[in-house]
Amino acid sequence: MHDFRSVFLDDEASELVLLDQTLLPNELRYLRLSRLDDIWEAIRTLRVRGAPAIGIAAAYGLYLAVKNGKPSSIDDVTRMVREAKRKLETSRPTAVNLFWALQRMEQRASQNLQHDGSAGANASDAVANILRELRKEADLIRDEDAMMCRKIGEHGLSLLKPGMGILTHCNAGALATSELGTALAPLYLGNERGYGFKVFADETRPLLQGARLTAWELSRSGIDVTVICDNMAATVMKRRLVQAVLVGCDRVAANGDAANKIGTLGVAILAKHYGIPFYVLGPTSTIDWACPSGAHIAIEERNPEEVTTAWYSKRMVPEGVPTLNPAFDVTDASLISAIITEKGIARPPLSESLGAFRN
Ligand code: MRU
(Lines give C-alpha, C1' and ligand atoms only; values in the text may rest on other atoms or scores of the structure.)
Protein backbone atom coordinates (compact mmCIF):
# COMPACT_ATOMS: atom_id res chain seq x y z
CA MET A 1 0.00 0.00 0.00
CA HIS A 2 2.87 2.40 0.76
CA ASP A 3 6.07 2.95 -1.18
CA PHE A 4 8.09 3.68 1.96
CA ARG A 5 8.88 1.92 5.22
CA SER A 6 9.56 3.75 8.47
CA VAL A 7 11.89 1.13 9.95
CA PHE A 8 13.43 -2.16 8.82
CA LEU A 9 16.44 -4.37 9.30
CA ASP A 10 19.18 -5.01 6.76
CA ASP A 11 20.61 -8.08 8.43
CA GLU A 12 23.29 -8.69 5.82
CA ALA A 13 24.73 -5.24 6.41
CA SER A 14 23.94 -5.51 10.15
CA GLU A 15 22.18 -2.16 9.95
CA LEU A 16 18.88 -0.71 11.03
CA VAL A 17 17.34 1.32 8.22
CA LEU A 18 15.16 4.28 9.20
CA LEU A 19 13.29 6.77 7.11
CA ASP A 20 14.56 10.00 8.69
CA GLN A 21 11.28 11.66 9.68
CA THR A 22 12.97 14.90 10.73
CA LEU A 23 13.61 15.61 7.02
CA LEU A 24 10.02 15.13 5.84
CA PRO A 25 8.18 16.42 3.90
CA ASN A 26 11.07 17.92 1.94
CA GLU A 27 13.40 14.97 1.66
CA LEU A 28 12.89 11.21 1.67
CA ARG A 29 16.16 9.84 3.00
CA TYR A 30 16.94 6.53 4.71
CA LEU A 31 19.52 6.34 7.47
CA ARG A 32 21.62 3.21 8.00
CA LEU A 33 22.62 2.72 11.61
CA SER A 34 24.65 -0.01 13.24
CA ARG A 35 25.83 1.56 16.51
CA LEU A 36 23.60 1.48 19.58
CA ASP A 37 24.38 5.13 20.36
CA ASP A 38 23.17 6.17 16.90
CA ILE A 39 19.96 4.17 17.23
CA TRP A 40 19.40 5.75 20.65
CA GLU A 41 19.96 9.20 19.13
CA ALA A 42 17.55 8.46 16.25
CA ILE A 43 14.78 7.59 18.72
CA ARG A 44 15.60 10.52 20.99
CA THR A 45 15.54 13.08 18.18
CA LEU A 46 12.42 11.62 16.50
CA ARG A 47 14.13 10.44 13.33
CA VAL A 48 12.02 7.37 14.07
CA ARG A 49 8.94 8.12 16.13
CA GLY A 50 5.42 7.00 16.98
CA ALA A 51 4.93 4.44 19.75
CA PRO A 52 4.89 1.20 17.68
CA ALA A 53 7.78 2.27 15.41
CA ILE A 54 9.86 3.18 18.46
CA GLY A 55 9.24 -0.32 19.84
CA ILE A 56 10.27 -1.97 16.57
CA ALA A 57 13.39 0.20 16.24
CA ALA A 58 14.37 -0.61 19.83
CA ALA A 59 13.88 -4.36 19.31
CA TYR A 60 16.12 -4.37 16.23
CA GLY A 61 18.50 -1.99 18.01
CA LEU A 62 18.95 -4.49 20.82
CA TYR A 63 19.45 -7.34 18.35
CA LEU A 64 22.10 -5.37 16.46
CA ALA A 65 23.84 -4.31 19.68
CA VAL A 66 24.38 -7.98 20.49
CA LYS A 67 25.19 -9.05 16.93
CA ASN A 68 27.62 -6.21 16.27
CA GLY A 69 29.16 -6.61 19.74
CA LYS A 70 30.47 -10.02 18.53
CA PRO A 71 29.86 -11.93 21.77
CA SER A 72 31.99 -15.01 22.33
CA SER A 73 30.16 -16.44 25.32
CA ILE A 74 26.73 -16.67 26.90
CA ASP A 75 27.93 -14.24 29.58
CA ASP A 76 28.77 -11.70 26.87
CA VAL A 77 25.29 -12.06 25.39
CA THR A 78 23.63 -11.64 28.79
CA ARG A 79 25.63 -8.49 29.49
CA MET A 80 25.04 -7.01 26.03
CA VAL A 81 21.29 -7.60 26.17
CA ARG A 82 21.11 -5.98 29.61
CA GLU A 83 23.22 -2.98 28.61
CA ALA A 84 21.40 -2.36 25.33
CA LYS A 85 18.02 -2.60 27.06
CA ARG A 86 19.07 -0.16 29.78
CA LYS A 87 20.44 2.29 27.27
CA LEU A 88 17.46 2.20 24.88
CA GLU A 89 15.02 2.56 27.78
CA THR A 90 16.45 6.01 28.44
CA SER A 91 15.70 7.29 24.92
CA ARG A 92 12.08 8.37 25.50
CA PRO A 93 9.93 7.87 28.60
CA THR A 94 6.27 7.99 27.56
CA ALA A 95 5.50 5.40 24.86
CA VAL A 96 5.11 2.10 26.69
CA ASN A 97 5.75 0.13 23.48
CA LEU A 98 9.47 0.90 23.87
CA PHE A 99 9.64 -0.82 27.26
CA TRP A 100 7.27 -3.59 26.18
CA ALA A 101 9.37 -4.46 23.12
CA LEU A 102 12.64 -4.41 25.07
CA GLN A 103 11.10 -6.58 27.76
CA ARG A 104 10.06 -9.13 25.14
CA MET A 105 13.56 -9.17 23.69
CA GLU A 106 15.14 -9.71 27.11
CA GLN A 107 12.68 -12.47 27.91
CA ARG A 108 13.35 -14.27 24.63
CA ALA A 109 17.07 -14.08 25.35
CA SER A 110 16.80 -15.37 28.87
CA GLN A 111 14.48 -18.27 27.91
CA ASN A 112 16.98 -19.42 25.30
CA LEU A 113 20.01 -18.86 27.48
CA GLN A 114 18.47 -21.13 30.08
CA HIS A 115 17.60 -23.72 27.47
CA ASP A 116 21.05 -23.71 25.82
CA GLY A 117 22.76 -23.72 29.21
CA SER A 118 20.89 -26.82 30.34
CA ALA A 119 21.28 -28.50 26.92
CA GLY A 120 25.06 -28.04 27.23
CA ALA A 121 25.47 -26.36 23.81
CA ASN A 122 28.99 -25.13 23.01
CA ALA A 123 29.57 -21.37 23.30
CA SER A 124 29.57 -20.46 19.62
CA ASP A 125 26.47 -22.56 18.87
CA ALA A 126 24.70 -21.04 21.85
CA VAL A 127 25.60 -17.49 20.75
CA ALA A 128 24.48 -18.16 17.17
CA ASN A 129 21.25 -19.65 18.46
CA ILE A 130 20.46 -16.73 20.71
CA LEU A 131 21.09 -14.27 17.90
CA ARG A 132 18.64 -16.17 15.71
CA GLU A 133 16.08 -16.06 18.49
CA LEU A 134 16.54 -12.32 19.05
CA ARG A 135 16.13 -11.66 15.34
CA LYS A 136 12.96 -13.80 15.32
CA GLU A 137 11.50 -11.91 18.25
CA ALA A 138 12.16 -8.51 16.66
CA ASP A 139 10.62 -9.74 13.38
CA LEU A 140 7.62 -10.99 15.34
CA ILE A 141 7.15 -7.62 17.03
CA ARG A 142 7.18 -5.97 13.60
CA ASP A 143 4.85 -8.54 11.97
CA GLU A 144 2.41 -8.47 14.86
CA ASP A 145 2.32 -4.69 14.60
CA ALA A 146 1.41 -4.85 10.91
CA MET A 147 -1.35 -7.33 11.67
CA MET A 148 -2.65 -5.29 14.61
CA CYS A 149 -2.76 -2.12 12.51
CA ARG A 150 -4.91 -3.85 9.92
CA LYS A 151 -7.34 -5.13 12.55
CA ILE A 152 -7.47 -1.71 14.24
CA GLY A 153 -8.24 -0.29 10.80
CA GLU A 154 -11.16 -2.70 10.27
CA HIS A 155 -12.62 -2.05 13.73
CA GLY A 156 -12.17 1.71 13.29
CA LEU A 157 -13.75 1.72 9.86
CA SER A 158 -16.85 0.00 11.26
CA LEU A 159 -17.54 3.22 13.20
CA LEU A 160 -17.23 5.54 10.19
CA LYS A 161 -19.46 6.39 7.24
CA PRO A 162 -18.56 7.33 3.68
CA GLY A 163 -18.01 11.04 3.12
CA MET A 164 -17.26 11.83 6.78
CA GLY A 165 -14.97 14.65 7.82
CA ILE A 166 -12.28 13.32 10.19
CA LEU A 167 -9.96 15.29 12.44
CA THR A 168 -6.63 13.80 13.51
CA HIS A 169 -3.78 15.06 15.66
CA CYS A 170 -0.05 14.32 15.37
CA ASN A 171 0.87 11.33 13.22
CA ALA A 172 -0.37 7.84 13.99
CA GLY A 173 0.04 6.53 10.47
CA ALA A 174 2.34 4.31 8.44
CA LEU A 175 5.32 6.43 9.47
CA ALA A 176 4.61 5.70 13.13
CA THR A 177 4.21 1.93 12.73
CA SER A 178 5.36 -0.93 10.54
CA GLU A 179 2.60 -0.43 7.99
CA LEU A 180 -0.87 1.16 8.01
CA GLY A 181 -0.76 3.07 11.25
CA THR A 182 -3.34 3.07 14.01
CA ALA A 183 -5.48 6.23 13.82
CA LEU A 184 -4.88 6.47 10.09
CA ALA A 185 -5.49 2.76 9.35
CA PRO A 186 -9.29 3.15 8.96
CA LEU A 187 -8.64 6.01 6.56
CA TYR A 188 -6.38 3.89 4.35
CA LEU A 189 -8.83 0.97 4.34
CA GLY A 190 -11.74 3.33 3.71
CA ASN A 191 -9.85 4.97 0.88
CA GLU A 192 -9.41 1.57 -0.81
CA ARG A 193 -13.18 1.06 -0.50
CA GLY A 194 -14.20 4.44 -1.87
CA TYR A 195 -15.26 6.09 1.40
CA GLY A 196 -14.14 9.54 0.26
CA PHE A 197 -13.15 10.86 3.68
CA LYS A 198 -12.19 14.50 4.10
CA VAL A 199 -9.38 14.59 6.63
CA PHE A 200 -8.27 17.59 8.69
CA ALA A 201 -4.77 17.24 10.14
CA ASP A 202 -3.84 19.45 13.09
CA GLU A 203 -0.38 20.79 12.37
CA THR A 204 0.67 19.64 15.89
CA ARG A 205 3.00 22.20 17.39
CA PRO A 206 5.83 22.23 18.21
CA LEU A 207 7.28 19.46 16.00
CA LEU A 208 4.59 19.58 13.28
CA GLN A 209 3.98 15.84 12.97
CA GLY A 210 0.51 16.60 11.54
CA ALA A 211 1.62 19.15 8.96
CA ARG A 212 4.86 17.42 7.97
CA LEU A 213 4.05 13.74 8.34
CA THR A 214 0.31 13.04 8.35
CA ALA A 215 -0.26 15.39 5.42
CA TRP A 216 2.71 13.80 3.61
CA GLU A 217 1.62 10.21 3.93
CA LEU A 218 -2.13 10.77 3.40
CA SER A 219 -1.68 12.98 0.34
CA ARG A 220 0.83 10.49 -1.08
CA SER A 221 -1.95 7.89 -0.92
CA GLY A 222 -4.44 10.17 -2.62
CA ILE A 223 -6.47 10.88 0.52
CA ASP A 224 -8.09 14.31 0.75
CA VAL A 225 -6.22 16.05 3.59
CA THR A 226 -6.28 19.66 4.75
CA VAL A 227 -3.80 20.97 7.31
CA ILE A 228 -5.05 23.33 10.01
CA CYS A 229 -3.20 25.16 12.77
CA ASP A 230 -3.89 23.56 16.14
CA ASN A 231 -5.94 26.56 17.24
CA MET A 232 -8.36 26.09 14.32
CA ALA A 233 -9.78 22.76 15.52
CA ALA A 234 -12.62 24.47 17.42
CA THR A 235 -13.68 26.39 14.33
CA VAL A 236 -13.56 23.28 12.16
CA MET A 237 -15.82 21.52 14.67
CA LYS A 238 -18.15 24.47 15.09
CA ARG A 239 -18.57 24.60 11.30
CA ARG A 240 -19.57 20.90 11.40
CA LEU A 241 -16.74 19.97 9.06
CA VAL A 242 -15.80 16.86 11.06
CA GLN A 243 -17.94 14.03 12.37
CA ALA A 244 -15.27 12.04 14.19
CA VAL A 245 -11.83 12.52 15.75
CA LEU A 246 -9.24 9.74 15.42
CA VAL A 247 -5.99 9.87 17.41
CA GLY A 248 -3.26 7.44 18.40
CA CYS A 249 -1.85 6.81 21.86
CA ASP A 250 1.52 6.34 23.53
CA ARG A 251 0.34 4.76 26.77
CA VAL A 252 -3.13 3.85 27.95
CA ALA A 253 -3.61 3.39 31.69
CA ALA A 254 -5.73 0.51 32.99
CA ASN A 255 -8.61 2.95 33.69
CA GLY A 256 -8.64 4.18 30.06
CA ASP A 257 -6.80 7.48 30.51
CA ALA A 258 -4.70 7.86 27.36
CA ALA A 259 -1.41 9.70 26.84
CA ASN A 260 -0.85 11.01 23.34
CA LYS A 261 0.86 13.94 21.63
CA ILE A 262 0.53 17.28 23.41
CA GLY A 263 -2.68 18.95 22.31
CA THR A 264 -4.76 15.78 22.18
CA LEU A 265 -6.46 16.65 25.47
CA GLY A 266 -7.63 19.99 24.10
CA VAL A 267 -9.05 18.30 21.00
CA ALA A 268 -10.92 15.79 23.20
CA ILE A 269 -12.44 18.58 25.30
CA LEU A 270 -13.57 20.38 22.14
CA ALA A 271 -15.03 17.19 20.69
CA LYS A 272 -17.05 16.64 23.86
CA HIS A 273 -18.34 20.22 23.68
CA TYR A 274 -19.48 19.81 20.09
CA GLY A 275 -20.81 16.26 20.54
CA ILE A 276 -18.30 14.70 18.14
CA PRO A 277 -17.09 11.13 18.86
CA PHE A 278 -13.48 11.07 20.04
CA TYR A 279 -11.76 7.75 19.26
CA VAL A 280 -8.35 6.60 20.51
CA LEU A 281 -6.77 3.87 18.37
CA GLY A 282 -3.83 1.72 19.36
CA PRO A 283 -2.58 -1.84 19.78
CA THR A 284 -3.11 -3.55 23.13
CA SER A 285 0.69 -3.37 23.56
CA THR A 286 0.08 0.34 24.28
CA ILE A 287 -2.05 -0.52 27.32
CA ASP A 288 0.04 -0.40 30.47
CA TRP A 289 -1.83 -2.67 32.86
CA ALA A 290 0.56 -1.80 35.66
CA CYS A 291 -0.41 1.85 35.38
CA PRO A 292 -3.68 2.50 37.25
CA SER A 293 -4.40 5.98 35.84
CA GLY A 294 -2.99 8.76 33.68
CA ALA A 295 -1.56 10.46 36.75
CA HIS A 296 1.13 7.76 36.80
CA ILE A 297 2.28 8.22 33.20
CA ALA A 298 5.71 9.82 32.82
CA ILE A 299 5.44 12.77 30.45
CA GLU A 300 8.50 13.61 28.40
CA GLU A 301 9.68 17.21 28.70
CA ARG A 302 11.65 18.28 25.63
CA ASN A 303 14.12 20.97 24.67
CA PRO A 304 12.64 24.53 24.86
CA GLU A 305 14.22 25.31 21.49
CA GLU A 306 11.52 23.21 19.85
CA VAL A 307 9.12 25.97 20.94
CA THR A 308 11.30 29.06 20.62
CA THR A 309 13.38 28.47 17.52
CA ALA A 310 12.65 25.32 15.53
CA TRP A 311 11.19 26.10 12.09
CA TYR A 312 11.82 29.85 12.46
CA SER A 313 14.70 31.74 10.91
CA LYS A 314 14.83 33.87 14.08
CA ARG A 315 13.97 33.14 17.69
CA MET A 316 10.25 33.83 18.23
CA VAL A 317 10.20 34.09 22.02
CA PRO A 318 12.00 36.93 23.81
CA GLU A 319 15.36 35.93 25.30
CA GLY A 320 15.01 35.00 28.94
CA VAL A 321 11.29 34.13 28.77
CA PRO A 322 10.80 30.53 29.84
CA THR A 323 8.74 27.99 27.90
CA LEU A 324 7.05 24.74 28.76
CA ASN A 325 7.49 21.85 26.36
CA PRO A 326 5.73 18.68 27.52
CA ALA A 327 5.65 16.32 24.53
CA PHE A 328 2.46 14.52 25.61
CA ASP A 329 -0.73 15.06 27.56
CA VAL A 330 -3.23 12.70 29.10
CA THR A 331 -6.84 12.59 27.92
CA ASP A 332 -9.16 11.53 30.71
CA ALA A 333 -11.11 8.36 30.04
CA SER A 334 -14.33 10.34 30.52
CA LEU A 335 -13.60 12.27 27.30
CA ILE A 336 -13.01 9.16 25.16
CA SER A 337 -15.93 7.68 23.18
CA ALA A 338 -14.08 4.41 22.51
CA ILE A 339 -10.62 2.84 22.47
CA ILE A 340 -10.12 0.82 19.32
CA THR A 341 -7.60 -2.01 19.50
CA GLU A 342 -6.79 -5.05 17.37
CA LYS A 343 -8.90 -7.10 19.78
CA GLY A 344 -12.00 -4.98 19.43
CA ILE A 345 -13.65 -1.75 20.56
CA ALA A 346 -13.77 -0.79 24.24
CA ARG A 347 -16.59 1.56 25.18
CA PRO A 348 -17.16 3.45 28.44
CA PRO A 349 -16.81 2.62 31.22
CA LEU A 350 -13.30 1.96 29.90
CA SER A 351 -11.95 0.83 33.27
CA GLU A 352 -14.25 -2.20 32.86
CA SER A 353 -14.36 -2.77 29.11
CA LEU A 354 -10.57 -2.63 28.57
CA GLY A 355 -10.15 -5.60 30.90
CA ALA A 356 -11.54 -7.89 28.17
CA PHE A 357 -8.34 -7.24 26.17
CA ARG A 358 -5.94 -8.38 28.86
CA ASN A 359 -3.88 -11.39 27.65
O1 MRU B 1 6.52 12.39 19.76
P2 MRU B 1 5.97 11.43 18.74
O3 MRU B 1 5.93 11.98 17.38
O4 MRU B 1 6.63 10.08 18.83
O5 MRU B 1 4.45 11.21 19.21
C6 MRU B 1 3.66 10.31 18.50
C7 MRU B 1 2.26 10.25 18.95
O8 MRU B 1 1.85 10.92 19.86
C9 MRU B 1 1.39 9.22 18.28
O10 MRU B 1 0.06 9.64 18.24
C11 MRU B 1 1.46 7.88 19.04
O12 MRU B 1 2.78 7.52 19.27
C13 MRU B 1 0.77 6.79 18.30
S14 MRU B 1 1.60 6.32 16.82
C15 MRU B 1 0.74 5.04 16.13
Side-chain angles (χ1 to χ4, degrees), residues 1-11 16-21 24-25 28 30-31 42-43 46-61 63 95-98 100-101 104 135-158 160 166 168 170-193 195 197 199 201 209-210 212-223 225 246-250 260-261 279-287 339-344:
M1 181 178 272
H2 291 102
D3 59 355
F4 62 87
R5 276 194 287 169
S6 57
V7 46
F8 60 96
L9 177 74
D10 180 345
D11 209 2
L16 182 65
V17 188
L18 301 176
L19 202 176
D20 186 346
Q21 299 190 34
L24 290 172
L28 198 166
Y30 286 96
L31 290 175
I43 297 174
L46 277 59
R47 297 184 195 286
V48 58
R49 46 142 303 281
I54 292 172
I56 296 164
Y60 282 126
Y63 163 70
V96 76
N97 307 59
L98 171 75
W100 167 87
R104 275 181 63 162
R135 160 85 204 257
K136 272 194 219 156
E137 189 67 25
D139 285 346
L140 202 60
I141 289 170
R142 179 207 55 203
D143 293 345
E144 284 174 11
D145 179 64
M147 180 270 294
M148 290 192 285
C149 287
R150 196 154 280 275
K151 289 189 173 163
I152 290 168
E154 293 293 354
H155 290 307
L157 190 60
S158 73
L160 306 176
I166 308 287
T168 188
C170 193
N171 172 265
L175 286 166
T177 61
S178 59
E179 220 185 284
L180 284 184
T182 55
L184 301 192
L187 305 182
Y188 285 119
L189 296 182
N191 190 44
E192 283 180 342
R193 298 169 202 177
Y195 270 58
F197 293 126
V199 182
Q209 287 93 332
R212 295 189 303 108
L213 309 178
T214 295
W216 182 80
E217 60 166 272
L218 289 181
S219 61
R220 209 174 166 85
S221 287
I223 294 178
V225 56
L246 305 184
V247 298
C249 45
D250 285 83
N260 191 48
K261 179 52 54 192
Y279 299 126
V280 172
L281 298 91
T284 48
S285 53
T286 307
I287 304 174
I339 296 184
I340 301 164
T341 75
E342 80 283 4
K343 293 187 180 169

Exercise for the section: Please report the shortest heavy-atom distance between Cys249 and Gly282, naming the atom on each side. Expected result: SG-CA, 3.8 Å
Problem - Nearest-0.5 Å distance, CD1 of residue Ile54 to CD1 of residue Ile43 - result: 6.5 Å
Problem - Leu281 and His155: CA distance, side-chain angles, deciding distance, side-chain contact (heavy atoms from CB on, under 4.5 Å) verdict - result: CA-CA 10 Å; Leu281 298 91; His155 290 307; over 6 Å; no
Problem - Shortest non-hydrogen contact from Ala201 toward Thr214 - result: CB-CG2, 4.0 Å
Fill in the blank from the handout: Scanning both residues in full, the closest heavy-atom pair of Leu19 with Arg5 reads CB-O, 3.6 Å
Exercise for the section: First locate atom OG of Ser158, then atom CD1 of Ile340, and finally report the distance between them rounded to the nearest 0.5 Å. Expected result: 7.0 Å
Problem - Any donor-acceptor pair under 3.5 Å from Asn191 side chain to Ser221 backbone - result: yes
Handout entry: Validation row: Tyr279, Ile166 side chains within 4.5 angstrom (heavy atoms)
Key = no
Handout entry: Gap separating the CE atom of Met1 from the CG atom of Leu180, nearest 0.5 angstrom
Key = 5.5 Å
Practice task
Rounded to the nearest 0.5 Å, what's the gap from CG on Leu28 to CD on Gln21? Could you check?
Solution key: 10.5 Å
Practice task
Take Tyr60 and Leu18 through the side-chain contact (heavy atoms from CB on, under 4.5 Å) test and state the conclusion after the steps.
Solution key: CA-CA 11 Å; Tyr60 282 126; Leu18 301 176; over 6 Å; no
Practice task
Could you grab the distance from atom CG of Leu46 to atom CG of Asp20, nearest 0.5 Å is fine?
Solution key: 10.5 Å
Exercise for the section: State, to 0.1 Å, how close Ala95 and Ala51 come at their nearest heavy-atom pair, and which atoms those are. Expected result: CB-CB, 3.7 Å
Practice task
List the atom of Ile152, the atom of Pro283, and the distance in Å for their closest heavy-atom pair.
Solution key: CD1-N, 3.5 Å
Handout entry: Between Asn171 and Glu217: side-chain donor-acceptor atoms closer than 3.5 Å
Key = yes
Problem - Arg212 and Leu175, any side-chain heavy atoms less than 4.5 Å apart - result: no
Exercise for the section: Could you tell me which residues satisfy salt bridge (Lys or Arg N to Asp or Glu O under 4.0 Å) with Glu137, sequence neighbours excluded, listed by chain and number? Expected result: Arg104, Arg108
Practice task
Count the heavy atoms of every other residue, nucleotide or ligand shown that sit under 6.0 Å from NZ of Lys343, and state whether that count exceeds 12.
Solution key: yes
Fill in the blank from the handout: Val199 meets the side-chain contact (heavy atoms from CB on, under 4.5 Å) criterion, sequence neighbours left out, with Thr168, Leu187, Phe197, Leu218, Ile223, Val225
Handout entry: Worked verdict on Ser285 versus Met148 for side-chain contact (heavy atoms from CB on, under 4.5 Å)
Key = CA-CA 10 Å; Ser285 53; Met148 290 192 285; 4.2 Å; yes
Problem - Thr284 side chain near Glu342 side chain, heavy-atom distance below 4.5 Å - result: yes
Exercise for the section: Let me see the working for Ile339 and Ile287 under side-chain contact (heavy atoms from CB on, under 4.5 Å), right down to the final yes or no. Expected result: CA-CA 10 Å; Ile339 296 184; Ile287 304 174; 5.7 Å; no
Exercise for the section: Could you check if a side-chain atom of Arg142 sits within less than 4.5 angstrom of a side-chain atom of Asp139, using non-hydrogen atoms only? Expected result: yes
Problem - Any donor-acceptor N or O pair under 3.5 Å, side chains Tyr188, Glu179 - result: no
Practice task
Could you tell me whether the side chain of Thr286 and the main chain of Asp250 form a donor-acceptor pair under 3.5 Å?
Solution key: no
Practice task
Please confirm whether the backbone N or O of Gly248 pairs with a side-chain atom of Thr182, one donor and one acceptor, at under 3.5 Å?
Solution key: no
Handout entry: Any Leu16 side-chain heavy atom under 4.5 Å of Tyr63 side chain
Key = no
Exercise for the section: Kindly say whether Pro52 contributes a backbone atom to a donor-acceptor pair with the side chain of Asp145 at under 3.5 angstrom? Expected result: no
Problem - Residue pair Pro186 / Leu246: nearest heavy atoms and the distance that separates them - result: CG-CD1, 4.2 Å
Practice task
Could you grab the distance from atom NE2 of His2 to atom OG of Ser178, nearest 0.5 Å is fine?
Solution key: 11.5 Å
